[in-house]
Amino acid sequence: MTNQDIASVFDEIADILEIKGDNPFRVRSYRRAAETISALPFDIESVIDTDPDRIRSAPGIGVGTFRKIQELIETGSCQEHENLRREFPPSLLELLRVQDLGPKKIALFYKHLGIRNLDELEAAARQEKLRELPGMGAKSELKILKSIEELRHRQGRFRLDYGTEISNRILDYLRSQANVQRIAAAGSVRRRKETIGDVDVLVTTSNPGDVIRTFTTFPGTYEVQAQGETKASIRTRQGLQVDLRVVEDDAFGACLQYFTGSKEHNVALRERAKRMGFKISEYGLFDTESGDRVAGREECEIYEKLRLPWIPPELRENRGEIEKAEKGELPALVTIDNIRGDLHMHTTASDGRNTIEEMAAAGLERGYAFIGITDHSKSLAMVRGLDEEKLLRQMEEIEAYRRTNSGIEVLKGIEVDILADGSLDLDTSVLSQLDFVIASIHSRFNMTRDEMTRRICRALENPTVSILAHPTGRLLLQRDAYQVDLEEIIKAAVANRVCLEINAYPARLDLSDIHCRMARDMGALITINSDSHTDGMLHYMSFGVDTARRGWLEAEDVINTYPVDRLKRVLKKQEYR
DNA sequence: GCCGTTTTCGGCCCGACTGTTTTCAGTCG
């Protein structure tokens with residue numbers, strides 16, 4: 001059972017308790033537990049027997065939660081959870097994913113109309129039955145219909161962090177439990193796409209039957225969907241499908257290339273192969289005339305025979321990579337090893353869980369040369385955002401830290417809110433005393449495109465601002481980006497020497513890969529940041545690097561790769577490109 | 001349900017927006 005599986009049980013308990021109308025603080029504590037668990041940097045199942053205190057000491061994990069974790073790992077389920085599921089149909093929970101629909105209204109619809117799932121909700125809305133209920137009207141009904149439609153578009157997809165966790169677990173499991181020779185994950189996980197539809201695993205073995213059998217007993221399996229001689233499919237508890245294919249050793253490379261995709265990249269590659277007198281398939285590269293297989297064992301041979309350098313999977317979207325490869329002009333993509341630090345993280349001063357010292361220690365452990373402390377500003381009352389006075393106090397705290405510690409440069413920053421009119425939430429006289437200022441939007445998402453664009457551009461003109469965080473505000477599979485003219489934003493950023501962020505938080509990845517490339521082409525500098533709220537989240541950085549690579553970025557495009565002195569000049573706008 | 005203590009209970013993040021209301025409930029961040 002993965003941390004994610006455990007976390008989602010607690011989330012589900014919280015959901016049902018909310019619909020039930022239970023004590024909101026009890027609900028929150030389940031949510032908090034879920035959050036903590038999904039961010040733990042270690043695997044619960046593998047330490048629960050040897051080092052249970054590591055789990056017990058995590059914030060928000062008390063006696064009750066710990067018992068439920070034990071119960072989940074030992075028995076695969078938890079009594080409290082099962083009881084609640086009997087009380088309310090689990091299908092009710094999918095309704096929580098409808099925007100603007102919360103527990104109260106779901107309970108109302110369930111009680112009065114017996115609505116248990118999306119289809120029934122949609123039908124009731126179309127028959128104009130919802131508007132008759134207390135507190136409802138025609139407008140809410142239309143809003144619900146629109147939200148249902150948006151939700152249906154997203155369904156069946158998963159975030160990359162979950163896909164990565166599952167594919168890594170399966171690879172480890174098969175390597176240790178079965179007689180595999182070569183094994184790799186292909187598909188969108190390998191391309192590091194921000195969301196994935198399924199996981200494809202390829203394997204070579206001398207004993208296919210054994211590998212298939214082992215695969216179908218993977219501990220995270222919810223159901224086995226198909227099981228044949230060379231192929232099997234399982235579904236995880238979260239509903240993610242994983243396909244395993246046993247392939248011939250001589251075709252492993254070809255198969256890896258084929259199943260890595262993307263479809264568009266493969267179509268373009270096939271056309272090229274055809275022009276050159278080859279036929280390409282998952283079984284190899286074949287000479288059209290003789291029918292001989294000329295490549296297939298290694299993936300790079302396929303590209304080689306097509307007179308191309310090997311193309312990194314992140315670029316395989318048919319967005320010009322084949323043309324560039326042909327000319328030898330592929331970018332030297334930024335790697336995680338190039339990253340020297342992280343400029344966006346929170347502490348206990350606002351909604352983070354760790355102190356400045358603890359975040360610095362975690363940064364050191366990752367081998368960073370610098371970190372930037374950037375708590376929220378006062379308008380985010382919900383997270384106890386900092387006002388001018390508290391910020392000044394935090395600055396003193398950081399200076400005190402600097403005097404007693406070395407080895408990592410702790411920069412004084414803030415994530416200041418951009419208010420509705422484009423002004424900043426804190427006084428410029430205080431902001432200018434910081435090492436750098438991140439500006440971002442957390443409220444009033446529903447402005448018109450023009451209003452929002454003007455709002456952000458105005459903020460970028462503030463001389464203290466050197467980073468725009470999560471520029472489009474999207475939350476993957478949850479919330480679309482706000483309406484904004486990103487081209488205008490990028491232009492304004494370049495004109496004002498502001499760096500655009502790739503927020504590496506797996507639910508954001510904002511800028512997206514496409515916007516990232518656009519920003520680079522327009523001359524913008526990029527910063528990749530984890531937006532950590534605990535010391536265990538710094539590793540999210542790798543997802544940001546994945547996005548940067550998909551956006552064709554090189555180390556020089558990303559300020560986190562710069563030595564501290566150069567970084568400081570960029571943050572003070574003395575240097576840009 | 002967690003946490004911390006002024007220690008075994010009582011507090012726990014709150015303000016804005018929307019659509020429904022005629023003073024507020026529900027949702028979101």
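Chain letters run A, B, ... following the sequence lines, proteins first, then strands; residues in each count from 1.
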Round to a whole Å and report the spacing from CZ of A/F445 to C1' of B/dT27.
-> 13 Å
Given DNA chain B, 5'-ward residue of the pair A/E80 and A/M136, judged by closest heavy atom = A/E80
Should A/R479 be listed as having a side-chain N or O under 4.0 Å from OP1 or OP2 of B/dG29?
-> yes
Pairing partner of B/dT8, by Watson-Crick or G-U wobble and under 3.5 Å for both distances, is none
From the candidates B/dG29, B/dG1, B/dT27, the one with an atom nearest any side-chain atom of A/H442 is B/dG29
Distance under 6.0 Å and angle within 45° of ring axis: A/R479 vs A/F445 = yes
Length of the CZ-P vector between A/R32 and B/dG1, whole Å = 16 Å
Using the C1' atoms only, state how far B/dG11 lies from B/dT6, rounded to an integer number of Å.
-> 13 Å
So what does A/P134 hit on the nucleic acid, given a heavy-atom distance under 4.0 Å: a base, only sugar-phosphate, or nothing?
-> nothing
Partners of A/R353 by salt bridge (charged side-chain N to carboxylate O under 4.0 Å, His left out), sequence neighbours excluded?
-> A/E35
Look up atom CD1 in A/I336 and atom CZ in A/R549, then write down how far apart they are to the nearest 0.5 Å.
-> 10.0 Å
So, the side chain of A/Y505 versus the backbone of A/N529: is there a donor-acceptor pair under 3.5 Å, distance only?
-> no
Of the listed nucleotides B/dG29, B/dG19, B/dC28, the one nearest the side chain of A/D100 | B/dC28
Atom pair CD (A/Q127) and CD (A/E122), whose distance is rounded to the nearest 0.5 Å | 10.5 Å
Rounded distance in Å between the P positions of B/dG15 and B/dT8 | 30 Å
Hey, could you give me the CD/CG distance between A/E12 and A/L96, rounded to the nearest 0.5 Å?
-> 10.0 Å
Determine the Euclidean distance between corresponding C1' atoms of B/dC13 and B/dG29; express it in Å to zero decimal places.
-> 11 Å
Hey, does A/V27 reach any base, or is it just sugar-phosphate, or nothing, if we go heavy atoms under 4.0 Å?
-> nothing
Whole-angstrom distance between B/dA16 and B/dC9, as gauged at atom C1' = 33 Å
Quick one: A/L133 CG to B/dA25 C1', roughly how many Å, whole number?
-> 14 Å
Readout for nucleotides 5-17 of chain B: B = base within 4.0 Å of protein heavy atom, S = sugar-phosphate only, - = neither; 5' to 3' it is -------BBBS-S
Of B/dT27, B/dG29, B/dG19, the nucleotide closest to the side chain of A/P103 is B/dT27
Take atom C1' in B/dC14 and the same atom in B/dT20, then report the distance between them in whole Å.
-> 22 Å
C1' atom, B/dT21 versus B/dA25: distance in rounded Å?
-> 10 Å
Could I get the full list of ring-ring contact (aromatic ring centres under 6.0 Å, His included) partners for A/H376, not counting sequence neighbours?
-> A/H346, A/H442
Whole-Å C1' distance, B/dT22 and B/dT18 | 16 Å
